[in-house]
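Computed from a prediction, not measured in an experiment: that's the story for all the values here. Just so you know, residue 1 is the first one in the sequence shown, and it goes up from there.
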Amino acid sequence: MENLSLYAELIEATSNANKAFIKSEMALNDGNVEDCQKYSRDGQVLVKAMIRDTFVEIDELGENDGSTNDYDYPNNFELIKSLNEILVCVGSLLASIDDENVVKIVMPKLFKAINTTIEIYNALFEN
């Protein structure tokens, strides 16, 4: 599979961003605002890098119609959920490496998860 290294990069960055945002929420729940902000910044750096690089490369793999998944309102938990959806889609792609039918079904879901992640990220951190 020619996109294996791109998918690996996406998994690594998405997992690390998810971990950072989860740690941020845990620190906030513990009343540790300094750690909350530190981990949030770590997650923001990773997502911003993906928006500028990895997501652009993924976009080149197919037809992205710009649609997003539904969510209540932009918050860290919705961002974590959307990042997780990216991981689920990439896992499905990797599990069905040679099945073009699966790719045709999963790629639109991956694009929606990426679009949602970008929308939530921009609402939270780029306004």
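Here Phe125 contributes atom CZ and Ser40 contributes atom OG; the two are 4.0 Å apart, rounded to the nearest 0.5 Å. Remark: Tyr71 OH to Lys81 NZ distance equals 10.5 Å, nearest 0.5 Å. Here the straight-line distance linking atom CD of Gln37 with atom CD of Gln44 works out to 10.0 Å at 0.5 Å rounding. Between atom CG of residue Asn18 and atom CD1 of residue Ile22 there is a gap of 5.0 Å, rounded to the nearest 0.5 Å. Put simply, OG on Ser92 and NZ on Lys109 are 7.5 Å apart, with the number rounded to the nearest 0.5 Å. Note that the CG atom of Asn84 and the CG atom of Leu79 stand 11.5 Å from one another [nearest 0.5 Å].
By the 6.0 Å contact criterion, CD on Glu34 is open, its count of non-hydrogen atoms from other residues, nucleotides or ligands being 12 or less.
A single hydrophobic cluster is seen to contain both Leu4 and Leu87, as judged by linkage of ILVMFWY side chains at heavy-atom distances under 4.5 Å, directly or through other members. Taken together through direct or relayed side-chain contacts under 4.5 Å among Ile, Leu, Val, Met, Phe, Trp and Tyr, Val56 and Ile51 form parts of separate hydrophobic clusters. Note on Phe111 and Ile11: same hydrophobic cluster, where clusters join Ile, Leu, Val, Met, Phe, Trp and Tyr whose side-chain heavy atoms are under 4.5 Å apart, directly or indirectly. Cluster membership for Val88 and Leu61, using ILVMFWY side-chain heavy atoms within less than 4.5 angstrom, is not shared. The cluster map of Ile, Leu, Val, Met, Phe, Trp and Tyr, joined by side-chain heavy atoms under 4.5 Å apart, puts Leu46 and Ile86 in different clusters.
What you find for Asn115 and Ser67 is that their closest heavy atoms are ND2-O, 2.9 Å. For Gly66 against Asn64, the heavy-atom pair with the smallest separation is N-OD1, 2.8 Å. Of all the heavy atoms in Tyr7 and Leu94, the pair that sits closest is CD1-CD2, 4.0 Å. Scanning all heavy atoms of the two residues, the minimum distance from Asn69 to Thr116 falls at N-OG1, 2.7 Å. Taking all atoms of both residues into account, the shortest heavy-atom contact from Ala123 to Pro74 is CB-CG, 3.6 Å. Across every non-hydrogen atom of Ser24 and Asn76, the tightest pair is OG-ND2, 4.2 Å.
For the residue pair Tyr39 / Glu25, no side-chain donor-acceptor distance below 3.5 Å is found, with atom types taken as modelled. For the 3.5 Å distance criterion, the side chains of Tyr73 and Glu78 fail to qualify, holding no donor opposite an acceptor.
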Tell me, with the steps shown, if Asp42 and Phe21 meet side chain to side chain contact (heavy atoms under 4.5 Å, CB included). CA-CA 8 Å; Asp42 292 347; Phe21 286 119; over 6 Å; no
Please test Leu83 against Met50 for side chain to side chain contact (heavy atoms under 4.5 Å, CB included), starting from the C-alpha separation and ending with a verdict. CA-CA 11 Å; Leu83 288 165; Met50 285 189 291; 4.1 Å; yes
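A salt bridge is defined here as a Lys NZ or Arg NE, NH1 or NH2 lying under 4.0 Å from an Asp or Glu carboxylate O, and Glu85 with Lys112 fails to meet this definition.
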Pair up each side-chain donor or acceptor in residues 99-107 with any protein partner under 3.5 Å, not counting sequence neighbours, and list the distances.
from, atom 1, to, atom 2, distance (Å)
Asp99, OD1, Asn101, N, 3.0
Asp99, OD1, Val102, N, 3.4

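With respect to Leu93, the side chain to side chain contact (heavy atoms under 4.5 Å, CB included) criterion is satisfied by exactly one of Leu10, Asn3, Leu110: Leu110.
Within the structure, salt bridge (charged side-chain N to carboxylate O under 4.0 Å, His left out) contacts touching residues 8-23 (residues at least two apart or in different chains) do not occur.
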